[in-house]
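To start, the structure under review is shown below, and the notes come after it.
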Amino acid sequence: MALLSIVLPSYNEEQNIANTARVLAQLLEKEQIEYELIFVSDGSKDATYTEILKAAAANPRIKGTEFSRNFGKEASIFAGLSLAVGDAVIVMDCDLQHPPQVIPRMWKLWQEGYEVVEGIKLSRGRESLAHKMSAGLFYKIMSRLIKMDMNASSDYKLLDRKVVNVLLELPEKNTFFRALTFWAGFNTTTVEYEVQERAYGESKWSLLSLMKYAITNATSFSTLPLQLVTFMGMISILFSVILAIQTMFKYLSGTAVEGFTTVILLVLIIGGFIMLSLGIIGHYIARIYEEVKGRPRYIISKVTENVMGNATGKG
Ligand code: UDP
Ligand code: MG
């Protein structure tokens, strides 16, 4: 019988673990789906891992792991994917904002032969206006940059074993899970879902962390900002040709260019362009530097007993 793995990244979610484990176990048993739940505690500072241990002791189908520190949601997703042994893997938030009722539908589509089932948000749920606007802008830019419609996409998706293996083999450390499944291709379909209220606790994202996430992901998926530098260079060359002709004309006709104003403006504008360009290039160099170091995406400090292989590991 086919096995479904569910990966649940969890950061400071002590209030959610027990409840989420119970809700999922009940649902999957009712649907008679063979399953395992993998809770990845992302260096939580509260009792999340203790809760995972408790849940695992009560239900042998529950596994878990703890990171040595907080590595971010992407890292927890990838750790979960590498621990999963299922024929299909679902990634979902452990705060039940991704409604579990959708799981049987995803499972059925997988059985029909789809290899990727993308969860599509019908609406964005209750978020602050600033959050909604920045997320909206982010996805608009992202969709443009990577030429895929990302607006309603989320990290809630089902992946076939084949796709999981492809993702696990990617050498890069800076990943953007949400877009990578689009990039990977495969036989894809979607299911729509309504984002739920968070069961317990509060969102782990601040506006600042969202902005950082946006810039990192946009640049890890696109080199368009670099081409922007060329574009800016072309514009300033165009302007300088026009200005040069004008200056020469005035010089030859005996009226010199007026005062310092022109010089100051030119220095400011060109200086601004150059520094902005250096900044963009510097950002890419920083990303290359990070990748070249080849450090692991995450470091595992603990695993529950039912996890096979090494007790500690990195990936
Ligand atoms: N999460 C994580 N590591 C982090 C931040 C968040 O594993 O550094 C997990 C978190 O426990 C939750 C999921 O990612 O299961 C989504 O986070 P959250 O609910 O805070 O985000 P939101 O739903 O508000 O976008
Ligand atoms: Mg959430």
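Here the structure is a predicted model, which means the values were calculated and not measured. Atoms within each ligand, like the ligands themselves, are counted from 1 in listed order. Reckoned from all heavy atoms, side chains included, excluding hydrogens, waters and symmetry mates.
For ligand 1, the atoms lying closer than 4.0 Å to a non-hydrogen atom of C94 are 15 (O). Within ligand 1, counting atoms from 1 as listed, the ones closer than 4.0 Å to a heavy atom of G72 are 3 (N), 8 (O). Those atoms of ligand 1 that come under 4.0 Å of a heavy atom in E13, given as number and element, are 10 (C), 11 (O), 12 (C), 15 (O). Every atom of ligand 1 is numbered from 1 in the order shown, and the set under 4.0 Å from a heavy atom of R198 is 18 (P), 19 (O), 20 (O). Close approach of ligand 1 to D95 (heavy-atom distance below 4.0 Å) involves ligand atoms 19 (O), 23 (O). Heavy-atom contacts of D93 reach the following atoms of ligand 1: 13 (C), 15 (O), 16 (C), 23 (O) (cutoff under 4.0 Å).
In the hydrophobic cluster analysis, where Ile, Leu, Val, Met, Phe, Trp and Tyr join through side-chain heavy atoms closer than 4.5 angstrom, L96 is grouped apart from Y156. Cluster annotation: W110 is connected to V191 through the hydrophobic network of ILVMFWY side chains, with a link wherever side-chain heavy atoms come within less than 4.5 Å.
Atom CZ of residue F39 and atom CG of residue L53 lie 12.0 Å apart, to the nearest 0.5 angstrom.
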Determine all donor-acceptor pairs shorter than 3.5 Å in which one atom belongs to a side chain in residues 275-282; sequence neighbours excluded.
from	atom 1	to	atom 2	distance (Å)
S277	OG	F273	O	2.6

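Between E31 and L4, every side-chain heavy-atom pair lies at or beyond the 4.5 Å cut-off. Counting heavy atoms from C-beta outward, S236 and I269 have side chains that stay 4.5 Å or more apart. You'll find the side chain of Y193 stays beyond 4.5 Å of the side chain of L122, heavy atoms only. Using a 4.5 Å heavy-atom cutoff, the side chains of V164 and R161 are in contact.
Proximity of D42 to ligand 1, defined as any heavy-atom pair under 4.0 Å, is confined to the side chain (atoms from C-beta onward). Both the backbone and the side chain of P9 come within 4.0 Å of ligand 1, counting heavy atoms alone. Under 4.0 Å from ligand 1, not a single heavy atom of N12 appears.
Looking only at atom types and distance, the side chain of E13 has no donor-acceptor partner in the side chain of T48 under 3.5 Å away. Under the 3.5 Å distance criterion, with hydrogens and angles disregarded, a donor-acceptor pair is assigned to the side chains of E118 and T181. For the 3.5 Å distance criterion, the side chains of E14 and Y200 fail to qualify, holding no donor opposite an acceptor.
Proximity annotation for atom 14 (O) of ligand 1: of Q97, E74, M92, K73, K73 comes nearest, heavy atoms only.
Counting only distances under 2.8 Å, and ignoring water, the protein N, O or S atoms around the Mg ion (ligand 2) are D95 OD2, Q97 OE1.
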